[in-house]
Amino acid sequence: MRTVLLVEDEVKIVQLARDYLERGGFEVLAASNGETALATFRAHRPDLAVLDLGLPDMDGLDVLRALRRESNTPVIILTARGDESDRLVGLELGADDYMVKPFSPKELVARVRAVLRRTEGYAEAGAAVIHAGELTLDVPRMRLTIDGQGIELTATEFQLLAALARQPGRIFTRAQLLEAVHGVAFESYERAIDTHIKNLRRKIEADPREPRHILTVYGVGYRLAEA
Ligand code: CA
C-alpha cells in the first residue's frame, strides 16, 4: 500500500481528502503544520506528499525546499486561487503538480495516481527511446516519428519535446524547459521557449491552432498530453 503525506491545517479539508485517499487505497499520514510535516516525512518516507502552501508555522514553499533538499519524493502543492506566483515558484522548486483550492477530493485522488504513475515511469527511464502516445523519440539519433512517419526537428526542438515526453502530463514552466534544453535557465530567454514551442507545433500538430500533443498551461508553461 502506498503512503501519502497530507500537509494541511484546515481540518475539514484533511478529513475529506483523507477519506477519499483511503477509499482510493492509500495510507494517509496527516500533518497540520510544517514542522510536523518534515518530522513525519523523515520518519515515514511517504511515497508522495500533498502540501498546502498556507501553513500556520512556516511558508509551505520552505517546506517544499526542505523536502527537495533531501528527496525526490513527488509533491502536489495546494494553493489558493490567485496565488499564481506561489504556484510558479512551487513548480520551479520541484513540485510535480498543483491543485487550486477549492478542489474536488475525487480529482485529488486522480492527480495523486497520475503523479505516481509518471514519476515511477520516469525512474525506469533514462530511456534511449521514449514512447508518448503516437510519438516515438529516438534520443541518441534525435529522431522523431509520429505514427511511424519521420519528422525533422532542430536539436533544440528535439530536446524540448524529449523533456516534455519523458513525463507526459507534467507541467513545465518556461524556465524548466529552458534548463532542459540549455542546462541552465535565463529568465530573459524564457519567451524564446514560446517560439520553439510554436515551431514544434507547426511540425507535429495536425492543426497547430488546436494542439493535441503540446498543451499550454496558462500562466505557467506547457505539458505533453497524456496518451
Ligand atoms: Ca492552509
Side-chain angles (χ1 to χ4, degrees), residues 1-120 167 169-176 187 215-223 226:
M1 192 188 271
R2 277 173 306 177
T3 306
V4 174
L5 171 61
L6 180 59
V7 186
E8 168 63 73
D9 57 316
E10 284 172 61
V11 178
K12 273 189 186 156
I13 297 182
V14 174
Q15 283 171 344
L16 199 62
R18 178 197 281 278
D19 197 31
Y20 272 79
L21 284 164
E22 285 180 349
R23 268 191 275 158
F26 295 97
E27 188 184 336
V28 177
L29 302 166
S32 59
N33 60 56
E35 202 184 326
T36 312
L38 290 172
T40 309
F41 180 83
R42 286 169 188 142
H44 298 279
R45 292 283 157 181
D47 296 290
L48 180 144
V50 175
L51 173 64
D52 178 30
L53 294 186
L55 295 171
D57 60 334
M58 57 196 279
D59 187 336
L61 291 173
D62 288 331
V63 177
L64 178 58
R65 277 190 194 95
L67 291 181
R68 273 295 163 266
R69 270 198 298 273
E70 46 198 272
S71 84
N72 291 315
T73 302
V75 176
I76 298 176
I77 53 178
L78 304 176
T79 69
R81 192 171 298 285
D83 283 349
E84 188 181 281
S85 64
D86 273 3
R87 221 173 301 160
L88 278 171
V89 173
L91 291 169
E92 298 289 353
L93 288 175
D96 297 87
D97 201 355
Y98 66 82
M99 294 195 69
V100 176
K101 289 179 174 181
F103 58 86
S104 108
K106 222 179 200 171
E107 194 189 345
L108 176 67
V109 175
R111 297 281 189 99
V112 166
R113 286 212 180 95
V115 167
L116 283 172
R117 214 184 306 123
R118 82 182 184 244
T119 49
E120 282 161 10
Q167 297 179 76
R170 171 175 165 187
I171 300 161
F172 288 87
T173 66
R174 292 180 178 83
Q176 287 169 330
E187 205 176 330
L215 308 179
T216 300
V217 182
Y218 287 99
V220 179
Y222 300 96
R223 67 186 171 89
E226 284 171 285

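In listed order, ligands and their atoms are each counted from 1.
- Side-chain atoms of Asp86 do not come within 3.5 Å of backbone N or O of Leu53 as any donor-acceptor pair.
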Enumerate, atom names and distances included, each donor-acceptor pair closer than 3.5 Å involving a side-chain atom of residues 13-21, sequence neighbours excluded.
| unit_1 | atom_1 | unit_2 | atom_2 | d |
| --- | --- | --- | --- | --- |
| Arg18 | NH1 | Glu22 | OE2 | 3.4 |
| Arg18 | NH1 | Val28 | O | 3.4 |
| Asp19 | OD2 | Arg23 | NH2 | 2.9 |

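- Pro74 and Asp47 get closest at one heavy-atom pair: CD-O, 3.3 Å.
- Side-chain atoms of Arg223 and Gln167, non-hydrogen and from C-beta on, never get closer than 4.5 Å to each other.
- Between Asp97 and Ile171, the closest side-chain pair of non-hydrogen atoms falls below 4.5 Å.
- Near-neighbour remark for the Ca ion (ligand 1): protein N, O or S atoms under 3.0 Å are Asp9 OD1, Asp52 OD2, Gly54 O; waters not counted.
- We find that Lys101 and Asp52 are joined by a salt bridge, their nearest charged nitrogen and carboxylate oxygen being less than 4.0 Å apart.
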